[in-house]
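Structure first, then comments.
All values reported here derive from a predicted model rather than from experimental measurement. Below, chains carry the letters A, B, ... as their sequence lines are ordered, and counting in each starts from 1.
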2 protein chains.
Amino acid sequence: MRHCHKWGQKFQDYGFRLTVSREAILEVLSNSNTHLSAEDIYLAVHSGNPAIGLTTIYRTLELLEHTGIVSKFEFGHGRAKYELAEEFSNKKHHHHLICKKCRKVIDYEDFITEEKEYITKAEIGLQNKYGFDIDNHIIHFYGICPECKTG
Amino acid sequence: MRHCHKWGQKFQDYGFRLTVSREAILEVLSNSNTHLSAEDIYLAVHSGNPAIGLTTIYRTLELLEHTGIVSKFEFGHGRAKYELAEEFSNKKHHHHLICKKCRKVIDYEDFITEEKEYITKAEIGLQNKYGFDIDNHIIHFYGICPECKTG
DNA sequence: TTGATAATGAAAACCATTTCCAACTATTGA
DNA sequence: TCAATAGTTGGAAATGGTTTTCATTATCAA
Ligand SMILES: [Mn+2]
Ligand SMILES: [Mn+2]
Ligand SMILES: [Zn+2]
Ligand SMILES: [Zn+2]
């Protein structure tokens, strides 16, 4: 095992090999504090290792999402965005505030205590009523950001 | 004014013409109680009026979303889904429970009282802190449905 | 080493959505 | 009534993010 990052073990536990490309992609994701598109990651990885192709980025992201190491978001802007999952990130549990005009996405960590209370109650109730095993949720607020209001 | 549907007025208030195609599309949307893709709507509309093209479906849906008559959802399954907005639908305020395996989407209206309490507080707080004008929110729960668990 | 299996890059395919454009339709004002 | 104007339309083509294909290469266990 090359590195002993927290994600490395989990990834290998799934039977996947921790290759140079895959580590480079995870490196980019953990050094970023925003949401990255596949192309963003491709360009960043490329500067250190130009041999890595875009196909590998997509394939790796699929595995990382499947293993729960990264979270994939569709904000409705035509391309998926990725970020390290809560468990592997230095970011806290957060949700998203999205400007409908300029498409800016803000991470916010406010009101998480109140949220947790509501989410927990809803999850338990929905699991009982609909028989789902719920393991994830998404909350997005949509509006117009201050820059777009005045601009 | 051909019909006096609640949406007709709003649509024309925006300066758009209420054409046969557009009414046909709205008719399909209001007779459905699930989320429809552009192609779903195209096929349904086609049975009554084969002259209406897919391009018109997309164009009309864009206008309807812009005027707030329909809501557009990206569940992450490759195609957008549409449903009549709360104000024009006979459905109540609801959110979505999504199976990660079979991609089934369940509308639920449970825990809306508790939700409203949390959402209102968060909206006000976020508007103050980040200066956004928030007018919409989305809550999705992801998990595995009972059929996919046993199947 | 060796052989089996997994991972890779480049090019091509895919496919939902958008764009273009020429024809058509509704509205307006002489 | 009749243009002139502006809005709407369908089909074909283009777009662009993502996935598939396939031949080659890297990894790992024996
Ligand atoms: Mn985020
Ligand atoms: Mn719904
Ligand atoms: Zn903005
Ligand atoms: Zn299912």
Side-chain angles (χ1 to χ4, degrees), chain A residues 1-3 7-9 11-26 28 35-67 69-82 103, chain B residues 1-3 8 11-26 28 35-67 69-82 103:
Chain A
M1 200 181 324
R2 209 177 313 260
H3 285 111
W7 60 65
Q9 192 57 51
F11 194 71
Q12 293 185 319
D13 286 350
Y14 274 83
F16 302 129
R17 294 179 185 165
L18 198 53
T19 65
V20 174
S21 316
R22 288 167 176 178
E23 282 196 306
I25 291 167
L26 275 162
V28 167
H35 316 94
L36 300 176
S37 67
E39 197 190 357
D40 293 336
I41 297 168
Y42 171 69
L43 293 173
V45 158
H46 223 245
S47 70
N49 190 340
I52 298 174
L54 184 55
T55 311
T56 296
I57 310 290
Y58 277 108
R59 274 190 294 232
T60 301
L61 286 171
E62 191 185 352
L63 297 180
L64 290 172
E65 195 205 354
H66 179 249
T67 55
I69 297 171
V70 313
S71 303
K72 179 181 183 179
F73 294 98
E74 315 255 3
F75 293 120
H77 303 154
R79 58 182 59 185
K81 299 283 198 113
Y82 301 83
R103 301 180 161 188
Chain B
M1 203 181 323
R2 209 177 312 261
H3 285 110
F11 194 71
Q12 293 184 318
D13 285 350
Y14 273 83
F16 302 130
R17 294 177 185 164
L18 198 53
T19 64
V20 173
S21 316
R22 289 168 176 177
E23 282 197 305
I25 291 167
L26 275 162
V28 167
H35 315 94
L36 301 177
S37 67
E39 197 189 358
D40 292 337
I41 297 169
Y42 172 70
L43 293 173
V45 159
H46 222 246
S47 70
N49 190 340
I52 297 174
L54 184 54
T55 309
T56 296
I57 309 290
Y58 277 108
R59 273 191 294 232
T60 302
L61 287 170
E62 192 185 353
L63 297 182
L64 291 172
E65 195 205 356
H66 179 249
T67 54
I69 297 171
V70 314
S71 302
K72 179 180 183 180
F73 293 99
E74 315 255 3
F75 293 119
H77 303 153
R79 60 183 56 187
K81 299 283 198 112
Y82 302 84
R103 301 181 161 187

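Mapping A/L54 and B/F11 onto DNA chain D via the closest heavy atom, the residue that lands nearer the 5' end is B/F11. Closest-nucleotide positions on DNA chain C for A/I52 and B/E39 were compared, and the one nearer the 5' end corresponds to A/I52.
Residue contacts for B/S21: at a heavy-atom cut-off of 4.0 Å it reaches the sugar-phosphate backbone alone, with no base atom in range.
Taking atom CG of residue A/L63 and atom P of nucleotide C/dA6, one finds them 13 Å apart after rounding to whole Å. Following rounding to the nearest Å, A/I57 (CD1) and C/dA7 (P) show an atom-to-atom distance of 15 Å. With rounding to whole Å, A/E74 atom CD is found 12 Å from C/dT17 atom P. Taking atom CG of residue A/L36 and atom C1' of nucleotide D/dG17, one finds them 16 Å apart after rounding to whole Å. Distance CD (B/Q12) to P (D/dG7): 15 Å, rounded to an integer number of Å. One interatomic measurement links the two molecules: CZ of B/F16 to P of D/dT9, which rounds to 11 Å at whole-angstrom precision. As rounded to whole Å, 12 Å separates atom P of C/dT8 from atom CG of A/L61. In this entry the distance linking CG of B/D40 with P of C/dA16 reads 11 Å, nearest Å.
At the phosphate of D/dT19, neither OP1 nor OP2 sits under 4.0 Å from any side-chain N or O atom of A/Y58. Checking the phosphate oxygens (OP1, OP2) of D/dT8, no side-chain nitrogen or oxygen of B/R59 falls inside 4.0 Å. Considering only side-chain N and O atoms, A/T19 lies nowhere under 4.0 angstrom from the phosphate OP1 or OP2 of D/dA26.
Between A/F75 and A/F73, the two ring planes are parallel [angle under 30°; tilted spans 30° to 60°]. Classified by interplanar angle (parallel below 30°, tilted 30° to 60°, perpendicular above 60°), the ring pair B/H66/B/Y14 is perpendicular.
Checked against D/dT8, C/dA16, C/dT17, the side chain of B/R22 finds its nearest nucleotide in D/dT8. Taking only side-chain atoms of A/T55, from C-beta outward, the nucleotide of C/dC20, D/dT20, C/dT17 with the closest atom is D/dT20. Distance from the side chain of B/R79 is smallest for C/dA16 among the nucleotides C/dT8, D/dT18, C/dA16. You'll find that the side chain of A/R17 is closest to D/dA26, out of D/dC22, D/dA26, C/dT17.
For the pair A/W7/A/V70, no side-chain contact is recorded, criterion being any heavy-atom separation below 4.5 Å from C-beta on.
With hydrogens and angles disregarded, no donor-acceptor distance shorter than 3.5 Å links the side chain of B/T60 to the backbone of B/I57. In this structure a side-chain-to-backbone donor-acceptor pair under 3.5 Å is present from A/R22 to A/R17.
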